[in-house]
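Here the structure comes first, spelled out in structure tokens, and everything after it is commentary.
These numbers come from a predicted model, not from an experiment. We name chains A, B, ... by the order of the sequence lines, and we start the count at 1 in each one.
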There are 2 protein chains.
Amino acid sequence: MVTVHDVAELSGVSIATVSRTLRAPHRVSDATRTRVLKAVEQLGYRPNRAASSLRRGRTGAIALVVPDIENPYFASLTKGAQASSRARGYGLVVVDTTESAEIEAEEIRALGSQVDGMIIASSRLSDDALAEVAASTTCVLINRSLPDAATPTVTIDEASGARAAIGHLAGLGHRRIAYVGGPESSWSEGRRWSGLLTAASEHDGVSAVHVGSVTPDARGGHAAAAAALEHDATAVIAYNDLVALGMLARWAELGVRVPDDVSLVGFDNTFVAELSSPPLTSVGADLREFGETAVSLLLDRIDGSTPPPSPVPTTMDITVRGSTAAPAR
Amino acid sequence: MVTVHDVAELSGVSIATVSRTLRAPHRVSDATRTRVLKAVEQLGYRPNRAASSLRRGRTGAIALVVPDIENPYFASLTKGAQASSRARGYGLVVVDTTESAEIEAEEIRALGSQVDGMIIASSRLSDDALAEVAASTTCVLINRSLPDAATPTVTIDEASGARAAIGHLAGLGHRRIAYVGGPESSWSEGRRWSGLLTAASEHDGVSAVHVGSVTPDARGGHAAAAAALEHDATAVIAYNDLVALGMLARWAELGVRVPDDVSLVGFDNTFVAELSSPPLTSVGADLREFGETAVSLLLDRIDGSTPPPSPVPTTMDITVRGSTAAPAR
DNA sequence: CTGTTAGCGCATTCAC
DNA sequence: GTGAATGCGCTAACAG
């Protein structure tokens with residue numbers, strides 16, 4: 001292993017100057033800087049992160065905690081966070097908690113001394129447990145608010161998505177719209193449903209009906225497909241794209257045609273929405289950008305340069321694809 | 001921050017004993033061990049990773065480098081690697097190189113001092129560049145072999161997948177089978193196509209025809225959908241599930257019915273194969289297990305307990321869903 | 001502008 | 001079985 005001492009010796013300066021050249025280049029003379037950098041290059045010197053972290057009390061890394069990296073929603077979020085943290089010179093540790101509150105708690109504890117801060121997405125922790133985490137670490141929450149309201153949080157404006165979905169369907173002529181919800185414990189679920197109710201009330205004659213809560217995957221949609229049709233609705237909105245695709249597949253088996261017999265709208269607009277036939281109309285936010293926002297907020301907090309302004313919720317837009325059309329009658 | 005000194009003071013022992021209690025419990029007496037552990041618990045002491053790393057010369061973390069975390073293939077791989085490394089007490093740093101050889105090289109360099117080893121999946125690096133990495137770090141390659149053959153590698157037995165696909169289709173009565181390939185530069189592409197050719201030759205009267213190379217995503221499949229039908233084939237095998245779904249969607253627009261008019265088989269058997277209608281028959285390996293295998297191999301190398309036996313390639317199995325049936329004629 | 005010095009928190013000798 | 005002492009590689013005072 002090559003250390004500052006080796007570089008110092010080769011370039012004829014002290015180890016302090018080597019360190020300075022790397023951390024604060026403007027504090028050394030041009031001549032020595034070039035000399036030191038040449039030696040660094042020549043020896044292939046890379047500062048030891050562990051030593052640097054120990055001395056500085058900061059690791060230069062942040063963590064992103066997600067419930068399930070296989071979920072396209074979190075995959076996109078991760079992608080954005082990754083790009084953004086690299087751009088700011090930070091490493092990113094991604095942790096998949098497999099939807100388990102226990103593992104989440106454990107990982108967060110273990111992470112404590114390894115990173116300078118963390119982003120916790122869609123936490124499965126209780127308010128109390130999460131508040132404790134927020135109190136003892138520098139963190140940013142995604143899609144989850146805490147009563148105290150002191151913890152920085154980035155959220156998606158679910159109401160804007162609901163408005164876009166309802167507006168699109170109402171514009172096509174739909175009057176009765178069914179909503180297949182996600183887990184009742186989910187933070188998004190509550191916001192999506194209340195957003196839909198509000199949006200429906202803003203259109204004359206349009207009503208929304210909640211037809212059950214399912215697990216937020218294709219299996220859930222599959223199971224709810226039949227029930228969703230039992231309410232005279234001409235359009236169905238699903239908790240997320242996966243649920244929507246599950247319904248779509250089940251309806252195909254049942255001979256129900258989309259969008260001829262019923263229109264279908266998903267939430268999140270993940271890449272899977274483009275995969276089905278017909279492709280799925282879906283409302284969603286730019287998740288990569290969302291991930292970037294969270295990283296920025298966290299790093300602003302860590303670097304402490306500016307007091308982080310509480311960011312405005314990211315709005316959702318609708319992407320109209322083939323699964324929606326005017327109702328038959 | 002609570003350190004060994006705090007724990008030592010509270011439990012009335014020296015810092016050496018505290019450290020020993022944690023790292024080599026059997027080397028302290030029962031009495032002191034319980035006393036120290038109580039103090040650890042009481043103070044909420046967590047060893048500082050940076051200090052520990054500096055002293056021991058190992059970080060307790062490994063890295064997984066993937067081209068694209070949004071790709072379900074790598075997401076599943078990551079999931080398995082994550083679970084397995086956690087189980088063995090190692091942290092996992094996931095890096096997404098966005099399919100860029102440049103970023104990959106840069107990240108690998110930066111990672112060097114931060115992890116004890118790395119797993120490089122589907123590297124975009126040149127043989128030379130990759131060989132250099134392999135020479136200077138402890139690493140394990142996934143889906144990519146190096147001429148020198150000295151670098152530990154875990155691979156998937158693509159030939160077994162090809163055999164399963166051809167066998168299934170031949171069994172249904174298909175004789176002429178088209179293959180829509182992926183990027184020619186892809187390591188898997190070559191193995192898949194040659195495996196298909198070999199497998200076809202093992203069945204009387206069965207032939208496989210290569211009908212072009214596309215980008216390995218739904219867009220690629222969309223573009224190749226029409227061309228795939230121009231060869232009198234009654235069944236089509238796609239480079240991967242995404243390509244298959246792209247074709248499926250395009251065919252739906254074209255009025256081509258699956259599996260009535262043509263059968264379709266994907267590669268990788270990622271979760272998206274379950275999402276389409278009809279759901280996609282696909283050959284694939286257990287990717288989570290694959291990720292676990294890679295982690296095990298790497299950690300065995302690092303811990304150096306046993307000389308890592310070169311693992312056998314993971315075999316692929318076929319999952320038959322609704323996209324395949326006997327040919328019409 | 002540059003060098004000397006003193007630890008950061010921990011794991012490991014080596015005595016006892 | 002335990003304690004005292006050393007230094008891992010680096011950065012941040014402080015002097016010069």
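- Remark: B:Thr32 is not in phosphate contact with D:dG1, judged by side-chain N or O atoms under 4.0 Å from OP1 or OP2.
- If you check the side chains of A:Arg23 and A:Ser52, you find a donor sitting under 3.5 Å from an acceptor.
- Here the closest heavy-atom approach between residue A:Ala50 and residue B:Leu54 is recorded as CB-N, 3.8 Å.
- Residue order along DNA chain D, read from the 5' end via each residue's closest nucleotide, puts B:Arg35 first among B:Arg35 and B:Arg55.
- If you measure from atom CZ of B:Arg58 to atom P of C:dT12, you get 10 Å, rounded to the nearest angstrom.
- OP1 or OP2 of C:dA11 has at least one side-chain nitrogen or oxygen of B:Ser19 nearer than 4.0 Å.
- Spacing between atom CE of B:Met1 and atom P of C:dG7 amounts to 18 Å, rounded to whole angstrom units.
- One can place CG of A:Leu54 at 13 Å from P of D:dC8, the figure rounded to the nearest angstrom.
- The side chain of A:Ser29 places an N or O atom within less than 4.0 Å of a non-bridging phosphate oxygen (OP1 or OP2) of C:dT2.
- Counting atom types as modelled, A:Arg20 pairs a side-chain N or O with a base atom of C:dG3 as donor and acceptor under 3.5 Å.
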Original post:
So A:Leu64 and A:Thr78, side-chain contact (heavy atoms from CB on, under 4.5 Å) or not? Walk me through it.
Top reply: CA-CA 8 Å; A:Leu64 173 63; A:Thr78 301; 3.6 Å; yes

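- To the nearest angstrom, C1' of D:dC8 lies 17 Å from CZ of B:Arg49.
- Under the salt bridge (Lys or Arg N to Asp or Glu O under 4.0 Å) test applied with A:Arg124, the options A:Glu99, A:Glu104, A:Glu102, A:Glu107 reduce to a single match, A:Glu99.
- When the side-chain nitrogen and oxygen atoms of B:Arg23 are compared with OP1 and OP2 of C:dA11, one or more of them lie within a distance under 4.0 Å.
- Checking the phosphate oxygens (OP1, OP2) of D:dG3, a side-chain nitrogen or oxygen of B:Ser14 falls inside 4.0 Å.
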